[in-house]
Amino acid sequence: MKQIVVDLLKEVLKGKGIKLKDEEIEKYIEVPPSSELGDYAFPCFFLSAQLKESPHEIALEIREKIGDHSADFDDIQTSGGYVNFFLNRRDFAKNLIDEILKRKDKFGKSNIGKGKKVLIEHTSINPNASPHLGRARNAIIGDSIVNIFSFLNFEPEVHYYVNDVSKQIAMLVMGDADKLEFKDMLNKYVEISKKAEEFQDQIFFLLRQFEEGDEKVVRKFNKITKTCVEGQKKILSELGIKYDSFDYESKYLKKSKKLLLELKETKKLHKDREGRFYLDQKSTIVRKKMKSPVLVLTRSDGTGLYPLRDIVYTMEKMKKAKKNLWVLGEDHKLYFLQIKEALKLLGVESPEVIHYSFILLKEKGKSKKMSTRKGEVILLEDFLEKAIKKAEKETSKRSKKGEAKKVAIGAVKYTVLKNHPNKSILFNLDDALKFEGDTGPYILYSYARASSILRKSKNKLDKIKNFETKDISESEIKLIKKLSQFPEIILKSYDNLNPSLIANYSYELAQTFNEFYHLSKVIGSKEELFRLGLVQSFRYVLKNSLNLLGIESLEKM
């Protein structure tokens, strides 16, 4: 409906010599605080300087030009410098509900991505231990972005970059971790980390042996990497997160040597006193972010560092799909700029990046980042187990048999996704599992409540198609308008690469539905068919919204 308002305004403004794009007009359209002021309002104040007229005069002219040719509105009025649009609520409600009931799980979909491939790299945890809760944020955000792109008919390909040529793996090899199970890797890694400085030469010697292809060393590296990757995959699969490709850093060892030759041609590659190759980035944007604007690519013994191989890997990613996304922690902001500038030297585009902030631990009244090296972490596996136990207690109070695991996972995912990626999260499990307020369980319970209403009705759902209604109450129109916003929210989330817009919309939709539920009798009312259609529409839209967040809806709770 907002698009109809945009189209009307666009045509009138064009006649006054003002050419604005749809999105430029849309950003000014408001929803008035009271329905007495209309369903949509367009402020004319920003046009005053350009047209040399008062906002009130402009509003009157716009109203006059629109005339009465739009049957979508009962009335269009002016108030001060505003043009106020009053919907034809009955037609709007019927048309929207008909559309949702027809399209069901496809409501909100569009074909903007048809035939377009998108490569999305996310998670990419070091294969040295079980993932902690903080790193899970990368996977949860990345997975939701994959869902959004899929919903818009893109062809997403999900990649996980495995850092198998690393100091961390060398430390585990030194500690004979190739004989350990996945669950024991973290303790071994923490143990070795405490003495790592004593064994630096040995660690770097192992890395050199790996690069040179020493069979025994390569076998140990590979065994540890495989154990960790398989363990991480299993835990992340509990969250419903899957990958299309695991790309191993070791694959790019030979190509990275060729890359050094290419970089020499740029005249920006130099060797320092210690014999390390580095990129001079003094004349780039990077210099604003660091005291020493260089990107070191090799050690003094000639072995390559992670950035060297990452440049090669990113170049290969960019060949596979024009649309490339990379989910990275905020601690990698400088690193991304460095890689981006290195790619620019080579004439290669860089991926779009989604930076996320951290999930923090609370200790002695202070919040702090998690650290695998120090062992200061909450393991995702342990956290989920604790969440499930707590969810079992909550669901047992409310229903016959609640699906505690789904509630727990929904609570964790929602808490992560409702926050803007660039904001840190101080995670409180008790708050996340509450059935009231801005939580995953509250939203899931709202869906289950709607499902319960439909089960109790004697009317078959196919009859809903033939509903009629005379009057639309305030709580009904509020819910109808909220449902109508769903396609717009998806596109905004896509444009901004921000799943929190969908998460927050889900909560607002659940809130609006519960207001309607408390104020409007459904079963046995004169408006039963219409209201059942509204309830069913709510279910479809909320389920679609939850699917985009990677949260499974529940019919009963």
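- Closest approach of Glu121 and Tyr313 over heavy atoms only: OE1-CE2, 3.6 Å.
- Between the CG atom of Leu417 and the CD1 atom of Ile551 there is a distance of 6.5 Å, given to the nearest 0.5 Å.
- The structure places CD of Gln168 at 7.0 Å from CE of Met171, a figure rounded to the nearest 0.5 Å.
- Atom CD of Glu23 is surrounded by more than 12 heavy atoms from other residues, nucleotides or ligands within 6.0 Å.
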Could you walk me through whether Lys2 and Glu488 pass the salt bridge (charged side-chain N to carboxylate O under 4.0 Å, His left out) check?
CA-CA 9 Å; Lys2 187 186 283 189; Glu488 178 188 344; 3.2 Å; yes
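- Between Leu253 and Lys257, the closest side-chain pair of non-hydrogen atoms is not below 4.5 Å.
- Listed here is the closest heavy atom pair of Leu260 and Thr298: CD1-CG2, 4.0 Å.
- Using modelled atom types, one finds a donor on one side chain and an acceptor on the other under 3.5 Å when comparing His159 with Glu157.
- Using cut-offs of 30° and 60° on the angle between ring planes, the pair Tyr335 and Trp326 is perpendicular.
- The side chain to side chain contact (heavy atoms under 4.5 Å, CB included) with Ser424 is formed by just one residue from the set Asn419, Leu360, Ile359; it is Leu360.
- Residues Leu295 and Leu297 meet the side-chain proximity criterion, which asks for heavy atoms closer than 4.5 Å.
- Heavy-atom contacts from other residues, nucleotides or ligands closer than 6.0 Å to NZ of Lys109 number more than 12.
- A ring-centre distance under 6.0 Å is not found for Tyr540 and Phe107.
- Separating the CZ atom in Arg539 from the OG atom in Ser446 is a distance of 13.0 Å, to the nearest 0.5 Å.
- When the shell of 6.0 Å around CG of Asp201 is examined, it contains 12 or fewer heavy atoms from other residues, nucleotides or ligands.
- For Thr303 and Glu211, the side-chain atoms include no donor-acceptor pair closer than 3.5 Å.
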Residues Phe199, Met174; criterion side chain to side chain contact (heavy atoms under 4.5 Å, CB included); working and verdict
CA-CA 9 Å; Phe199 302 104; Met174 195 185 71; 3.4 Å; yes
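- More than 12 heavy atoms of other residues, nucleotides or ligands lie within 6.0 Å of NZ in Lys418, so this atom counts as buried by the packing criterion.
- The nearest pair of heavy atoms linking Ile311 to Ala342 is CD1-CB, 3.7 Å.
- Under the 4.5 Å side-chain criterion, counting only non-hydrogen atoms from C-beta, Ile490 is not in contact with Pro487.
- Side-chain contact annotation: Tyr243 with Thr123, donor-acceptor N/O pair under 3.5 Å present.
- Asp247 and Tyr160 are not linked by any side-chain donor-acceptor pair at a separation below 3.5 angstrom, with hydrogens and angles left out of the test.
- With a 6.0 Å radius and a threshold of 12 heavy atoms from other residues, nucleotides or ligands, Gln200 has its CD atom above the threshold.
- Side-chain contact check for His132 versus Arg135: some heavy-atom pair is nearer than 4.5 Å.
- Counting heavy atoms from C-beta on, the side chains of Pro499 and Ile145 come closer than 4.5 Å.
- Glu555 has its side chain within reach of Tyr447: a pair of non-hydrogen atoms, C-beta onward, lies under 4.5 Å apart.
- The minimum heavy-atom distance linking Ala411 with Thr415 is given by the pair O-OG1, 2.8 Å.
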Give the C-alpha distance, both sets of side-chain angles, the deciding distance and a yes or no for side chain to side chain contact (heavy atoms under 4.5 Å, CB included) between Asn498 and His420.
CA-CA 7 Å; Asn498 181 8; His420 192 289; 3.4 Å; yes
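- Atoms CG and CG, from Asp301 and Leu207 in turn, are 8.5 Å apart once rounded to the nearest 0.5 Å.
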What verdict does the salt bridge (charged side-chain N to carboxylate O under 4.0 Å, His left out) test give for Lys21 and Glu26, after you've listed the backbone C-alpha separation in whole Å, the side-chain angles of each residue and the deciding distance to 0.1 Å?
CA-CA 9 Å; Lys21 295 179 181 178; Glu26 187 180 325; over 6 Å; no
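- For Lys320, the NZ atom sits in a packed shell: over 12 heavy atoms of surrounding residues, nucleotides or ligands are nearer than 6.0 Å.
- Judged by distance alone, the side chains of Thr227 and Glu230 never bring a donor and an acceptor atom under 3.5 Å apart.
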Evaluate the side chain to side chain contact (heavy atoms under 4.5 Å, CB included) criterion for residues Lys406 and Leu554: first the C-alpha distance (whole Å), next the side-chain angles of each, then the deciding distance (0.1 Å), finally the verdict.
CA-CA 8 Å; Lys406 292 177 182 177; Leu554 298 172; 3.5 Å; yes
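- Side-chain rings of Tyr248 and Phe221 stay apart, their centers remaining 6.0 Å or farther from each other.
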Check the pair Glu198 / Lys195 against salt bridge (charged side-chain N to carboxylate O under 4.0 Å, His left out), numbers first and verdict last.
CA-CA 6 Å; Glu198 301 172 34; Lys195 328 178 218 182; over 6 Å; no
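- Relative ring orientation between Tyr161 and Tyr306 is described as tilted, the plane-to-plane angle lying within the 30° to 60° band.
- Salt bridge annotation for Glu341-Lys344: present, with a cationic side-chain nitrogen under 4.0 angstrom from a carboxylate oxygen.
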Checking salt bridge (charged side-chain N to carboxylate O under 4.0 Å, His left out) for the pair Asp430/Lys390: CA distance, chi angles, key distance, verdict?
CA-CA 8 Å; Asp430 290 330; Lys390 279 184 173 289; 2.7 Å; yes
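- Between the side chains of Ser250 and Asp164, at least one donor-acceptor pair of N or O atoms lies under 3.5 Å.
- The shortest non-hydrogen separation linking Leu172 to Met185 is CD2-O, 4.0 Å.
- Checked for salt-bridge contact, Lys234 and Glu238 miss the test: no charged N lies under 4.0 Å from a carboxylate O.
- In summary, the aromatic rings of Phe427 and Phe383 are positioned with their centroids under 6.0 Å apart.
- Asp431 and Lys434 are joined by a salt bridge, as a carboxylate oxygen and a charged side-chain nitrogen come within less than 4.0 angstrom of each other.
- Inter-residue side-chain proximity for Leu259 and Met315 is flagged as met; some heavy-atom pair is nearer than 4.5 Å.
- Annotation: the span from Asn128 atom CG to Gln232 atom CD amounts to 7.5 Å, rounded to 0.5 Å.
- Electrostatic pairing of Glu352 and Lys323 counts as a salt bridge here, judged by a charged N lying under 4.0 Å from a carboxylate O.
- Ile235 places a side-chain heavy atom less than 4.5 Å from the side chain of Leu380.
- In this structure, Ile354 CD1 and Phe336 CZ are separated by 9.5 Å, a value rounded to the nearest 0.5 Å.
- Between Leu546 and Leu444, the shortest heavy-atom contact is CD1-CD2, 4.1 Å.
- Ion pair Glu155/Lys116 not flagged as a salt bridge, since none of the NZ, NE, NH1 or NH2 atoms sits closer than 4.0 Å to an Asp/Glu carboxylate oxygen.
- Shown here is Phe205, whose CZ atom has no more than 12 heavy atoms of other residues, nucleotides or ligands within 6.0 Å.
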Hey, mind stepping through Val218 and Gln209 against side chain to side chain contact (heavy atoms under 4.5 Å, CB included) and telling me if it holds?
CA-CA 8 Å; Val218 169; Gln209 285 182 301; over 6 Å; no
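- Between the side chains of Asp22 and Gln3, at least one donor N or O lies within less than 3.5 Å of an accepting N or O.
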